[in-house]
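What follows is a single structure, written as structure tokens, with notes after it.
Every chain is numbered from 1, with letters handed out A, B, ... down the list of sequences.
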Amino acid sequence: MQFTARDIAALLGGRLEGDPDHAVTTIAKIEEAHQGALSFIANPKYEQYAQTAPAGILLIGESLAVSNDKVCAIIRVKDPYAAFTTLLELYQQVMASGQKQGIQQPSHIGAGSKHGDGLFLGAFAYIGDNVTIGTNVRIYPSAFIGDGVTIGDNTTIHAGAKVYEGCRIGKDCTIHAGVVIGGDGFGFAPLADGTFKKVPQLGIVEIGDRVEIGANTVIDRATMGATVVRDGVKLDNLIHIAHNVEVGDNTVIAAQTGISGSTRIGKQVMIGGQVGIVGHIRIADGVKINAQSGVSKSIETEGRAVTGSPACDFREHYKGLAHIKLIPELMKRIAELEKRLG
Amino acid sequence: MQFTARDIAALLGGRLEGDPDHAVTTIAKIEEAHQGALSFIANPKYEQYAQTAPAGILLIGESLAVSNDKVCAIIRVKDPYAAFTTLLELYQQVMASGQKQGIQQPSHIGAGSKHGDGLFLGAFAYIGDNVTIGTNVRIYPSAFIGDGVTIGDNTTIHAGAKVYEGCRIGKDCTIHAGVVIGGDGFGFAPLADGTFKKVPQLGIVEIGDRVEIGANTVIDRATMGATVVRDGVKLDNLIHIAHNVEVGDNTVIAAQTGISGSTRIGKQVMIGGQVGIVGHIRIADGVKINAQSGVSKSIETEGRAVTGSPACDFREHYKGLAHIKLIPELMKRIAELEKRLG
Amino acid sequence: MQFTARDIAALLGGRLEGDPDHAVTTIAKIEEAHQGALSFIANPKYEQYAQTAPAGILLIGESLAVSNDKVCAIIRVKDPYAAFTTLLELYQQVMASGQKQGIQQPSHIGAGSKHGDGLFLGAFAYIGDNVTIGTNVRIYPSAFIGDGVTIGDNTTIHAGAKVYEGCRIGKDCTIHAGVVIGGDGFGFAPLADGTFKKVPQLGIVEIGDRVEIGANTVIDRATMGATVVRDGVKLDNLIHIAHNVEVGDNTVIAAQTGISGSTRIGKQVMIGGQVGIVGHIRIADGVKINAQSGVSKSIETEGRAVTGSPACDFREHYKGLAHIKLIPELMKRIAELEKRLG
């Protein structure tokens, strides 16, 4: 598929310089620009490339001076990053329009299950009994949807993702490959003989709308009630969410973080990668938790930023690290004082 | 399915107050009580709910006074938690009796494989050649059981779990979705040219009886011999167990912990989440390792509790943290002394 | 399959003592030696076993004295470890020659896809459209290979691994069960209303030759361009590689490590388990990063070894830990000085 500089400039309402008929087929980072691709510069750090990059089409701001005869066409806009994002979306829509449709065989749809229009069901995908699926849902090969699950409109379940029985997934969600939703929570009661007795896990997992869940992330079902991931939450890869956890609206969690049972995370919280959070605590709205932190107590103050294990305010944490480095000097000063006192 | 207060009271040997014919269909946490559900109070922290919760049936101790007209029926027992656990189990048994049976098609059973009565084999599940499967085993869709694997009675293998060739799984185990058992251990010999040569991994994984393994956890096969997970072990989600590790009876390990090659973990050890343990060491019986610890040396003392990275006794660890906070005061006192000495 | 001491001695060019007709069927660690197996001793730490182990065949160095009537045959070579590795490889080749061949049914091969000779395609495996597969490729049950993927000669894709559309995998690779290659990078732009807008992830993942990827590891596709894992890289289990990361030739990464977006790792870097590396930094060739470290800045010096979080040189890190332990003594000395000064 080809797009000319003229077409793209018109689409973005940009000012065109150079060859209006120059055509590109893809998008490339400015560091990897080539004449068959459109590249953009929004960050001043990359402006140097404007003079050297062999770009097919260069999308830039209104005032950046360019003297580079390897650029075939320039499109100038007010906000190059916003314009670029618009382009990316259009590109993706064009790509999406070519997506597979229909129900591939063999696949399994259990008794009493129903689905809206526009379903893509890949070969070897399994839909249990009494499942309810909205319109325009895409379920890739070898995905497993347990009995009684509900999936909202426009949601995509990638290859080999598994949703245990009874769980509910909202609209416009993307569940990546290998995700497991609704496995048993880790609940065992110690017995007198040193063995453990399983506490039945009878609850479900409830995923809101516009949630994205990264590959191989795991969300356990509740003991009773529901483990809840609310609207707009974004989870990266290989995250662990234990039973009865609640994650508030638009919270973002980076890869390999783990949240223990019954902890309640507020709205618009940002959690870095490899963070550990103990069970049965509360994290207030807007809190920011730095990567690799260990959070062992509730954080009640909205918007607070913490780091370290045990997690504390950034300033306190880095002061502690700086103080450790002062110890050799303190030792010297004490020795000096002792010498003077004889 | 409906249960009346009269039936449940009889079942638990409890004393009934209120409407004996009030019926419920499910169980709910006391904070989420509603008139269609049974809720219980065992922990004094929750006793306040007894006066306000709109519970269908309220299961409580013998002496808790309740004045709450939104509760339809009360069942009083000596030990509400034990009674509740009994109920949970009965509930699960009733649910389980409705489970799917038989062999769904298409599925694959290789040459020479045999299985006992009561097998459930989901669609798209794959059983290799010469596999031995006990009675009442449940293997969910898209699970992979390699050649020569053995699976004991009453074991459940959830959707998309994979067991490589030759591995052995005991009785009464639950292997959750996405678990991988028996992938190659991470063994590579460095060569003079900077590349690495794979060390063939010829051993297996042996899982005992009554083991539960959480979603997407990974247990590598041994280089030679076996990686061993003994009876009653409970593993949470996303755990890494390397080649030739041994995990002793009834040890419990929380999510995202990793154990490096050839380390031997004793019996009834409790390991928190996100712990890292180096290879080739030994952890004695009954040791407790706190979340996010890094264990770099053997722990020889039974029952010892450690924390931190490198892990040490709790007291020592928290003393170290407290001491760091004293440094500014020490600095002040030294400055004062220096001033006084001129 | 049986091998006699005579045959093995001839194969290895070793000197034979004892019964040349004694036959074994397997290999065992010296601690687990039995008469049906060959065991070896290369490390002096294990030489004590030479006098006690009931080995069928004992493979040892030229000078180790053995007086042990439970050993049936001894084979002496110059370098027992090298000889043993040779044996392991032969053993694996013999085992491999018995591997499954052909295309099991049902499986799915999409339009326009082609493959070389020697393909093994397991039941329920899915090959999308326009996929290109080299010779002697092995794809196990329930694996998912998206549209337009390329897979080089002699590569093995284990059960349930998933490769999203457009990604490229080189020759002689081993991709273990549950691996996910090419899921969307974690890119979301914050909007004014507190929600996040997905940044389309249009790039791919490129895996070089001779790469091994451990079970349930995840490698995200680039936003644009490619996430690159170069020749000879070895990745352990449950690793997270974010979008646009580059991992250089022959770098080795242990389990549960996470690398954030756009970071570039050099050649022959060694990274321990549970390490976290922030995004947009550079790690020089030959760097060594200790387990559980947190790397927050570029490491520019080749071959540097770091540990801790934030990561620093080993010496500095351990000095800091040692200094903390000196604080109580410093407190005592200051108190003493204060007392003397009245």
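- When Gly225(C), Pro106(C), Pro310(C), Ala222(C) are compared by the number of non-hydrogen pairs under 4.5 Å with chain A, Pro106(C) comes out ahead.
- Rounded to the nearest 0.5 Å, atoms CD1 (Ile324(A)) and NZ (Lys319(A)) are 14.0 Å apart.
- In this structure, Asp236(A) contributes its side chain and Ala255(A) its backbone to a donor-acceptor pair below 3.5 Å.
- Contacts of Phe124(C) with chain A are made by both backbone and side-chain atoms, with heavy-atom separations under 4.5 Å.
- In this structure, Gln274(A) contributes its side chain and Val275(C) its backbone to a donor-acceptor pair below 3.5 Å.
- Each of Ile239(C), Val163(C), Ile213(C) was compared with Ile219(C) under the side chain to side chain contact (heavy atoms under 4.5 Å, CB included) criterion, and only Ile213(C) meets it.
- A 6.0 Å sphere centred on CZ of Phe314(A) holds more than 12 heavy atoms belonging to other residues, nucleotides or ligands.
- Looking at Leu235(A), only its backbone comes within 4.5 Å of chain C, counting heavy atoms on both sides.
- In terms of heavy-atom pairs under 4.5 Å with chain A, the best-connected choice from Glu316(C), Lys198(C), Glu329(C) is Lys198(C).
- With contacts defined as side-chain heavy-atom distances shorter than 4.5 Å, the pair Val306(A)/Asn290(A) does not qualify.
- For Asp184(C), the parts lying under 4.5 angstrom from a heavy atom of chain A are both the backbone and the side chain.
- A donor-acceptor contact shorter than 3.5 Å is absent between the side chain of Asn244(C) and the backbone of Gly261(C).
- Using a 4.5 Å cut-off between heavy atoms, Glu338(A) touches chain C through backbone and side chain atoms alike.
- Contact annotation for Gln105(C): neither backbone nor side-chain heavy atoms come within less than 4.5 Å of a heavy atom of chain A.
- Contacts between Ala143(C) and chain A at a heavy-atom distance below 4.5 Å are absent for every atom of the residue.
- For chain C, no part of Tyr318(A) is nearby; none of its heavy atoms comes within less than 4.5 Å.
- Side-chain contact between Lys197(C) and Glu89(A): present, with at least one pair of heavy atoms (C-beta onward) separated by less than 4.5 Å.
- Heavy atoms from other residues, nucleotides or ligands lying under 6.0 Å from NZ of Lys171(A) number 12 at most.
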- Message: Before you tell me yes or no, could you show the steps for Asp220(C) and Asn237(A) under side chain to side chain donor-acceptor pair (under 3.5 Å), namely the whole-Å CA-CA distance, both residues' side-chain angles and the distance that decides it to 0.1 Å?
- Response: CA-CA 9 Å; Asp220(C) 282 352; Asn237(A) 303 323; 3.0 Å; yes

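- In terms of heavy-atom pairs under 4.5 Å with chain A, the best-connected choice from Gly183(C), Ala242(C), Ser260(C), Gly258(C) is Gly258(C).
- Of the listed residues Pro190(C), Ala189(C), Ser107(C), the one with more heavy-atom pairs under 4.5 angstrom with chain A than any other is Ser107(C).
- Heavy atoms of Leu238(A) lying under 4.5 Å from chain C belong exclusively to its side chain.
- At least one side-chain heavy atom of Thr174(A) sits less than 4.5 Å from a side-chain heavy atom of His158(A).
- With a threshold of 4.5 angstrom between heavy atoms, Ala123(A) approaches chain C through its backbone and through its side chain.
- When heavy atoms are compared at a cutoff of 4.5 Å, Phe196(C) approaches chain A by way of both its backbone and its side chain.
- The side chain to side chain donor-acceptor pair (under 3.5 Å) with Gln292(A) is formed by just one residue from the set Ser296(C), Ser309(C), Ser293(C); it is Ser309(C).
- Using a 4.5 Å cut-off between heavy atoms, Ala37(A) makes no contact with chain C at all.
- Proximity to chain C (any heavy atom under 4.5 Å) is restricted, for Lys325(A), to the side chain, taken from C-beta onward.
- Of the atoms belonging to Glu212(A), it is side-chain heavy atoms, and not backbone ones, that fall under 4.5 Å from chain C.
- Here Tyr126(C) and Tyr140(A) keep their ring centres 6.0 angstrom or further from each other.
- If you measure heavy-atom distances from Arg333(C) to chain A, the contacts under 4.5 Å come from both the backbone and the side chain.
- Per-residue heavy-atom pair counts under 4.5 Å with chain C were compared for Lys29(A), Gln268(A), Glu32(A), Lys234(A), and the maximum is reached by Lys234(A).
- Interface remark: of the candidates Val179(C), Asp129(C), Thr223(C), Thr217(C), Asp129(C) forms the most heavy-atom pairs closer than 4.5 Å to chain A.
- Neither the backbone nor the side chain of Glu336(C) has a heavy atom closer than 4.5 Å to any heavy atom of chain A.
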